[in-house]
Each structure stands twice: as structure tokens, then as C-alpha cells.
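Presented below is the structure to which this report refers.
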Amino acid sequence: MANDNISKIEAVVRRIPAGKVATYGQIATLAGLPGNARQVGAVLGNLPDDSGVPWHRVVNSLGRISERGSGTSEGLQRHELLFEGVVFSDSERIDLSVYQWKHKK
DNA sequence: GTTATGACCCAAA
DNA sequence: GTTTGGGCCATAA
């Protein structure tokens, strides 16, 4: 059931600590869906407002912000991350070497 | 059941 | 570290 995958993805995203970011592939793998990174994004898009999932802590491989493209948060994500202590690079990019979340254990 | 699209990832240049 | 091309899975029409 697809709904079950959403629960897993939510659980993984919820594990992301403040001031850290994770990539879709990382989440997909941790959620038990290797190679289904796209589905993670699709799930986040289907996430309800009361899901309590910090989707703004989820970025793509290059640490770039991935929004839906339709002026949806257009920088809201950046603001939220900055609020949590995440530092952005010159062109709206994050230094994954420092801020990429390490589930490690 | 098939076609088309998507908040992506990986390997190579 | 960034960009280009190819590929995987799931949802929608």
C-alpha cells in the first residue's frame, strides 16, 4: 500500500534534527525505498499541513532547494533553514559536507 | 493497459 | 563542485 510508504518517509524526515538537511535518496534508502527518491518528493507534495514533517529540511543531492516551482514557498525553505542555523552558500546552496544529516546508528 | 510526468539519483565529462 | 544524459518507481489521465 502506498500509504504505508508515506508513513515510513514521514518517520525518516521527522528524525532529521534541526540545523541539518537530508537528501531524497538518503531518505528513500532509510525509508526502505532504494532508488525511489522521486516518490519521496511526491509524498512530500502530498503531505498534509498537519503532518508535522519538516519537508524544508529535505533537499536534493547538491544541497539545492527543491520546491514545486510554482512560487509555492519561493524562499520559505531557505528562511526556515536559516532560522534553524543552517548556512547557505552563495547561490542558495547548502554545504552538505557540514549540514548533511548523518543518521549513523 | 499504455502513455506521460515528476519537490530525484548516479555516472561520466 | 557543477552540468549533461540516462534510468528507476509510482501516480495520474
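Naming: A, B, ... by sequence-line order, numbering from 1 per chain. Hydrogens, waters and symmetry mates are skipped; everything else that's a heavy atom, side chains included, is used.
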Kindly compute the distance separating CG (Leu30(A)) from CD1 (Ile9(A)), expressed to the nearest 0.5 Å. 11.0 Å
Counting side-chain heavy atoms from CB outward, which of dT2(C), dC8(B), dA7(B) is closest to Leu44(A)? dA7(B)
Please state how far atom CG in Leu33(A) lies from atom C1' in dA7(B), giving the value in whole angstrom units. 16 Å
NZ of Lys8(A) versus P of dA10(C): gap in Å, rounded? 13 Å
Between Arg78(A) and Glu92(A) (salt bridge meaning N to carboxylate O under 4.0 Å), is one present in this structure? yes
In whole angstroms, the gap separating P of dG1(C) from CZ of Phe88(A) amounts to 16 Å
Would you mind reading off the distance between Arg93(A) atom CZ and dT3(C) atom C1', rounded to a whole angstrom? 10 Å
Between Gln39(A) and Leu62(A), just flag the one whose closest nucleotide in DNA chain C comes earlier from the 5' side. Leu62(A)
Does any part of the side chain of Val86(A), heavy atoms only, come nearer than 4.5 Å to the side chain of Ile94(A), both counted from C-beta? yes
Closest to the Ser66(A) side chain, choosing from dA7(B), dC9(C), dT2(C): dA7(B)
Quick check on DNA chain C: between Asn46(A) and Gly35(A), whose nearest nucleotide comes earlier from the 5' end? Gly35(A)
Could you tell me how far apart Asn36(A) (CG) and dG7(C) (C1') are, to the nearest whole angstrom? 12 Å
Using a cut-off of strictly less than 4.0 Å, decide whether Ser61(A) has a side-chain nitrogen or oxygen near OP1 or OP2 of dC9(B). yes
Whole-Å gap separating C1' (dA7(B)) and CD1 (Ile27(A)): 11 Å
To the side chain of Arg38(A), which of dG6(B), dT2(C), dC9(B) is closest? dG6(B)
Is Glu84(A) paired with Arg57(A) through a side-chain N to carboxylate O contact shorter than 4.0 Å? yes
Check: Ile16(A) and Val13(A) side chains under 4.5 Å, non-hydrogen atoms: yes
Measure the distance from OH on Tyr24(A) to C1' on dC8(C) and round it to the nearest whole Å. 17 Å
Taking OP1 and OP2 of dT3(C), is either one under 4.0 Å from a side-chain nitrogen or oxygen of Arg64(A)? yes
When rounded to whole Å, the CD1 to P distance for the pair Ile9(A) and dC9(C) reads 15 Å
